[in-house]
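What follows is a single structure, written as structure tokens, with notes after it.
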Protein chains: 2
Amino acid sequence: MNEQELSLTEENYLKIIYKLEMEHKGEVTTNAIADLTNTKAASVSDMLKRLSQKVLVNYIKYQGVTLTPEGRKKALMVIRKHRLWEVFLVDQRGYSLEADHEIAEQLEHIESLQLVDQLEKVLGYPPVDPHGDPIPNAKGEMPNKKQIFLKDMQINQKGQIMGVKDTSPLFLKYLDKIGIGIGTEFEIIDRVEYDQSVELNISGRLTIISKEVAQNLFTIE
Amino acid sequence: MNEQELSLTEENYLKIIYKLEMEHKGEVTTNAIADLTNTKAASVSDMLKRLSQKVLVNYIKYQGVTLTPEGRKKALMVIRKHRLWEVFLVDQRGYSLEADHEIAEQLEHIESLQLVDQLEKVLGYPPVDPHGDPIPNAKGEMPNKKQIFLKDMQINQKGQIMGVKDTSPLFLKYLDKIGIGIGTEFEIIDRVEYDQSVELNISGRLTIISKEVAQNLFTIE
DNA sequence: ATAATTGTTTAGATGAACCTAAATTAGTAA
DNA sequence: TTACTAATTTAGGTTCATCTAAACAATTAT
């Protein structure tokens with residue numbers, strides 16, 4: 001009785017309400033939603049009424065919306081799918097395409113919990129997507145992982161590259177050249193006082209990265 | 001001017017018309033389409049009018065439809081996506097899920113030619129999907145590959161397992177056990193007169209499969 | 001050839017998701 | 001407070017994809 005199928009559009013609304021709720025910590029306004037959905041306020045009002053009827057949001061006229069527990073769970077499932085597909089896309093093809101996000105916007109609506117769970121397994125249970133955003137678990141709970149930049153890590157700490165901040169082709173090409181990518185394991189060997197560059201041990205080899213690079217690479221926890 | 005975006009529904013109609021055209025070699029009837037789309041004849045008539053206006057089908061009232069070249073190309077692109085995703089699903093997870101086809105039905109509508117081309121590359125340019133159906137190329141042309149069952153191959157011929165006919169869990173489990181899967185390379189060593197079983201060389205090791213198994217495994221060309 | 005059957009199309013409605021324009025409410029400034 | 005502005009909702013329409021029921025065309029059987 002719980003598992004009402006949601007339309008693609010409804011899923012998108014929930015996802016956006018979730019995001020806005022996180023940002024402003026509270027009620028979400030009609031206009032804010034209209035902006036992000038590329039629709040008009042009137043259309044949003046319509047939809048909020050419908051979502052309210054399905055008990056996915058708490059909606060009081062003129063006062064904005066919040067998600068119900070059920071709505072939040074649905075939103076998190078969509079976000080989970082989106083982020084896992086993002087990992088998949090980057091994994092399969094590198095950061096090459098600007099379009100990754102757009103494609104993930106479509107893939108996030110593929111219905112099959114099993115598929116997404118299997119995807120997660122194949123990808124090695126990544127805690128975050130390539131933007132460093134945490135991936136909700138199969139129960140629809142958002143873990144509070146945080147990204148830590150190599151620049152800020154202690155000497156002797158180990159980790160695995162989980163993503164990059166700067167996604168310009170120039171930077172990505174350089175990373176590729178020096179053999180650093182998503183999943184690369186490393187250990188912080190030393191930090192050079194002089195220029196704040198960082199010495200890494202990557203599978204036995206010493207690799208030195210500049211401060212700029214160390215500011216743009218992150219691991220998790 | 002050519003690249004009108006099609007709705008998911010329109011894509012499905014084209015795909016189904018293509019399939020029916022292949023089967024009956026000629027005009028496709030309204031009712032046949034209605035059956036496969038799980039809609040009613042009246043809805044099909046409506047849609048055919050719309051597709052006709054977009055010059056994707058040739059439609060004459062009471063006389064059935066055929067695809068135009070443009071419509072055929074669109075249909076083949078959908079089929080290409082569907083079959084590549086099927087390969088992906090089986091690749092990632094084995095035949096485990098009955099639901100593979102349903103999931104591919106959704107994935108086939110993901111818009112991104114680049115993604116599907118990249119997928120094809122990652123999968124190693126498979127000529128057929130796991131059901132042995134050929135995969136149209138990036139230009140929207142259907143190659144005429146045909147499946148050949150191991151039962152019918154000559155001694156000394158080599159090949160690669162491209163799919164299975166029987167997809168019952170029992171059979172798939174057995175294949176798994178004897179180490180045969182999609183992509184497995186083999187050479188036909190001999191055929192045993194007595195029971196028509198087939199001796200294979202699989203990466204240096206002799207494997208014997210029964211007539212029944214050899215009737216259900218195929219390669220291509 | 002005519003009648004009966006089957007297949008197909010039209011007419012008129014529906015629901016989802018959107019729109020514009022007008023009305024309403026909430027919040028702010030005089 | 002009252003008047004004004006900005007945000008929101010309602011009213012009334014549109015398009016897409018569907019439906020049912022009725023009308024119409026084509027095919028088959030007598």
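Each chain gets a letter, A, B and so on, in the order the sequences are listed, and its residues count up from 1.
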Of Leu8(A) and Gln63(A), whose closest DNA chain C nucleotide lies nearer the 5' terminus?
->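 Nearer the 5' end of the strand: Leu8(A).
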
Cut-off 3.5 Å, side chains only: do Ser168(B) and Asp166(B) have a donor facing an acceptor?
->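 There is such a pair (donor and acceptor under 3.5 Å, judged by atom type) between the side chains of Ser168(B) and Asp166(B).
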
Roughly how many Å is it from [atom1] in [X] to [atom2] in [N], rounded to a whole number?
X        : N       : atom1 : atom2 : value
Leu48(B) : dA17(D) : CG    : C1'   : 13 Å
Gln53(A) : dA17(C) : CD    : P     : 13 Å
Ile33(B) : dG7(C)  : CD1   : P     : 15 Å
Met47(B) : dT10(C) : CE    : C1'   : 17 Å
Tyr62(B) : dA26(D) : OH    : C1'   : 9 Å
Ile60(A) : dA26(C) : CD1   : C1'   : 14 Å
Asp35(B) : dT18(D) : CG    : C1'   : 16 Å
Leu51(B) : dT9(C)  : CG    : C1'   : 16 Å

Check this for me: does any side-chain nitrogen of one of [X] and [Y] sit under 4.0 Å from a carboxylate oxygen of the other?
X        : Y        : result
Asp46(A) : Lys40(A) : no
Glu10(B) : Lys74(B) : no
Arg72(A) : Glu21(A) : yes

Tell me whether the side-chain N/O atoms of [X] come closer than 4.0 Å to OP1 or OP2 in [N].
X        : N       : answer
Lys40(A) : dT20(C) : yes
Lys61(A) : dA7(D)  : no
Thr30(B) : dT9(C)  : yes
Thr29(A) : dA7(D)  : no
Tyr13(A) : dA16(C) : no
Thr39(A) : dC18(C) : no
Arg50(A) : dA16(C) : no
Asn31(B) : dT6(C)  : no

Considering only dC18(C), dT8(D), dA21(C), which nucleotide approaches the side chain of Ser43(A) most closely?
->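 Taking heavy atoms from C-beta onward, the closest nucleotide is dC18(C).
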
Quick one: which of dC18(C), dT9(C), dT18(D) gets closest to the side chain of Ser45(B)?
->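 My answer, after comparing the listed nucleotides, is dT9(C).
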
Would Tyr13(A) and Arg50(A) count as a side chain to side chain contact (heavy atoms under 4.5 Å, CB included) if you check the C-alpha gap in whole Å, the side-chain angles of each, and the deciding distance to 0.1 Å?
-> CA-CA 11 Å; Tyr13(A) 271 91; Arg50(A) 264 178 280 153; over 6 Å; no

Record whether the side chain of Asp46(B) comes under 3.5 Å of the base of dC16(D) through a donor-acceptor pair of N or O atoms.
->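 By the distance-only test, no, there is no pair.
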
